[in-house]
Structure formats: structure tokens, C-alpha cells
2 protein chains.
Amino acid sequence: MAVTAAQRRARAKVEYDAFLAVCPSRQLLDRISDKWVTLVLCALGGDGPVQPAEGHGRRVLRYSQLSRQLAGVSQKMLTQTLRTLERDGLVTRTVTPTVPVTVTYELTELGVSLAEAVRTIKAWAESHMDDVLAHRAAHDEEPTA
Amino acid sequence: MAVTAAQRRARAKVEYDAFLAVCPSRQLLDRISDKWVTLVLCALGGDGPVQPAEGHGRRVLRYSQLSRQLAGVSQKMLTQTLRTLERDGLVTRTVTPTVPVTVTYELTELGVSLAEAVRTIKAWAESHMDDVLAHRAAHDEEPTA
DNA sequence: CAGGATCCCGCTAGATACTG
DNA sequence: CAGTATCTAGCGGGATCCTG
């Protein structure tokens, strides 16, 4: 039987998986590839969308505050994201047994450093995003040329 | 009718969308949040998974070479990613009408600068990923404590 | 208030086949 | 070789309900 295309695809996939699993960079890239992760990082880092007016580095936010800051996020994704970040030692979860339970989240040292790295990307965006948009507009206008 | 929860959700979503659309940083974050985008950027930037041994900054790669380098990517995603990057002025697509058509991709200046930003993230990953993994392992072992 | 469990929809991304 | 077009499955992620 013609076991060429399909088989080779499968092989390629295996190699790729093994390959990916080994490389830590890839794992991290995959992690920050999560939209909400970067946003939570930003929010907790202080350079969220909403002007914090408090400076940044590290902020203590409650679950509901994060929920508000990130606006469109569903609690499912927020919780899921926070748990992942907590698991990875990027944020700390603090439960204060007040009358209605209060839970706060804060970046760890590790989280702060990652947030800074993300900030680098944001900085690039702020500097070059208009170029990107210009290119995009130009490209869209080109009909056939 | 109880038009509270649902309605407010909808409103929140609109605000969030408008909000997001305005912020260029978000658009960029969304873009690099694309797994393949970052990988293509790395491959074209020279710090791909496979040791290029050529240094980096800018590399000229053919479609098939990229396909091989990124291993697990489907041609659909690769093409889609490349077209997006081209549209955004991050890569250039060059068609050389040889016998079997030859198409090469290369980073633009803009692309190079973004690739450098991405490299920052990769650098962070290489420095701290083991910490992350350690935290993760520790967290996973905790049963009830 | 914080979040777990569940259902379910939509869109993404993969596989397949075809073209220039 | 370098794509395009189509079909489909899988799961990411939203909404809703419920708990402590």
C-alpha cells in the first residue's frame, strides 16, 4: 500500500512532539501564547489596559478586580489561567477567611520577571504597531499589482 | 424579564471589544500569541530549534525549508501564518519563477526587530523555565497541604 | 465573593485532495 | 515545489447553575 504521505506525516509528528517536549523555550512560548496569561501578567504587573495610576512591578488584586480589569474574560478562563500561573509559581494565591471569602493574587518574583519580558513585547508593539498597521493597509489595497 | 446577568455580560463584552480594538498592544499580543507566528519568527530569525549554525538576524528560507524546520506545522497553518506576517510587513515573500516555482521568505527590518523582542522571551524561558518546572512539580505533589 | 461542574457551541487547526 | 480548497474533528472557551 502507498504508505508514504500518511506515514511520513505521522513520523514527522512524533519527531516534532519529542522535539517540542524537550525544548523549554517552546513550552514557555506555548504558555505565553495563551492570551489571558499575558493579560493577567500585565494586570498584575501594573501595566494593564486600565491606567492603574499606581505605577507597577507588583500589584495585589482580588479575583473580582482581575475579572473587572480583564473585562471580557469568563470566570472559567480566569480561574483556569490563574491556577496555571499559580502552579507554575508565577503568581501567589492568598485566601483571607473574611466573612465573604477574600482571595488575592500577586506576582511572585518569577512572575515579575516574566511580566517584564512581556513588557518588552508591549514596548515593541507601541513603537512599531503603527508600521504594522500601515503595511497591512497597503497590502490590503493592492488589488493585483 | 430578568435582563440582568445576560445583558450585563453582553455590555461588558462590547466594552471589552471596543477597548481591545483600540489598544495596539493588545493586537500585537494577540498576534504573537499565535504559536506559529513566534516559531516562524524564530526560524527566520536564525534561532530556530534546529541549530542553524549560521548565526542569525535574518535568514532566507524556502517554503519547504520552513515546513521542515517547524516540523509539525500543517501547510495550512504555515501558509496562513506566512501570509499574515507578510501582510503585516514582517516578512517578504519572493517568488522565483524557476522550473518548479521557488518561493523564499525573509524577515523585513520590522520582522527582525520583532524577532529580537521574541528572543527576549526565549531568553527568559531559558533562564527561568527550570524554576517554573520545579514549581510545577512541587505544586503537583502537594496533596492536601 | 470565589470558584467548581457541566453543557454546548464555534472556530481553529489538521488531514485529504487538487492545481499551477 | 508551493500552494489552494474543502471537510471534519477536537477542544478552547463561553454561559449557566450550584457550592462553601
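Note that these values count all heavy atoms, side chains included, but never hydrogens, waters or copies made by symmetry. Throughout, a chain's letter reflects where its sequence line sits, starting with A, and its residues are numbered from 1.
Residue B:Gln80 contributes atom CD, which lies 15 Å from atom P of C:dA15 at whole-angstrom precision. When rounded to the nearest whole Å, the span between CG of B:Asp34 and C1' of C:dA13 equals 11 Å. For the pair A:Leu70 CG and D:dG14 P, the interatomic distance rounds to 12 Å; values are reported in whole Å. Atoms CE (B:Met77) and P (D:dG3) sit 15 Å apart, rounded to a whole Å. The interatomic distance linking B:Tyr63 (OH) with C:dG20 (P) rounds to 17 Å, in whole Å. Atom CG in B:Leu78 sits roughly 10 Å away from atom C1' in D:dA2 (whole-Å rounding). Summarising the geometry, the separation between CD on A:Gln75 and C1' on D:dG13 is reported as 11 Å, rounded to the nearest angstrom.
Listed nucleotides: D:dG3, C:dA2, C:dA15. Nearest to the side chain of B:Lys76: C:dA15. Set against D:dT4, C:dA15, C:dG4, the side chain of A:Arg83 has C:dG4 as its closest nucleotide. In the set C:dG3, C:dG14, D:dA2, the nucleotide with an atom closest to the side chain of B:Thr102 is D:dA2.
To the nearest 0.5 Å, atoms CG (B:Asp34) and NZ (A:Lys35) are separated by 12.5 Å. Here B:Leu66 contributes atom CG and B:Arg68 contributes atom CZ; the two are 9.5 Å apart, rounded to the nearest 0.5 Å. Annotation: the span from B:Met129 atom CE to A:Leu110 atom CG amounts to 10.0 Å, rounded to 0.5 Å. Atoms CD1 and CD1, on A:Ile121 and A:Ile32 in that order, are 6.5 Å from each other to the nearest 0.5 Å.
Of the possible donor and acceptor atoms, none in the side chain of A:Thr104 sits under 3.5 Å from a partner among the backbone N and O of A:Val60. Between the side chain of A:Arg58 and the backbone N or O of A:Glu106 there is no donor-acceptor pair closer than 3.5 Å. Although no hydrogens or angles enter the test, the distance criterion places a donor-acceptor pair under 3.5 Å between the side chain of B:Ser127 and the main chain of B:Ala123. With hydrogens and angles ignored, the 3.5 Å screen pairs a side-chain donor or acceptor of B:Ser33 with a backbone N or O of B:Leu29.
Considering only side-chain N and O atoms, A:Ser64 lies under 4.0 angstrom from the phosphate OP1 or OP2 of C:dA2. Proximity of A:Arg62 to the phosphate of C:dC1: no side-chain N or O atom is located under 4.0 Å from OP1 or OP2. Side-chain nitrogen and oxygen atoms of A:Ser74 include at least one within less than 4.0 Å of the OP1 or OP2 phosphate oxygen of D:dG14. OP1 or OP2 of D:dG3 lies within a sub-4.0 Å distance of a side-chain N or O belonging to B:Tyr105.
The terminal axes of the helix from C:dC1-D:dG20 to C:dG20-D:dC1, fitted over 5 pairs per end, subtend an angle of 40° to the nearest 10°.
In summary, B:Glu126 and B:Arg119 do not engage in a salt bridge, as defined by a charged side-chain N under 4.0 Å from a carboxylate O.
If you check residues 87-96 of chain A against DNA chain C, the residues with a heavy atom closer than 4.0 Å are A:Arg93, listed by number.
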(request) Evaluate side-chain contact (heavy atoms from CB on, under 4.5 Å) for B:Leu28 paired with A:Val132, printing each intermediate quantity in order. (result) CA-CA 9 Å; B:Leu28 193 275; A:Val132 170; 5.7 Å; no
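Residue order along DNA chain C, read from the 5' end via each residue's closest nucleotide, puts A:Leu82 first among A:Leu82 and B:Val101.
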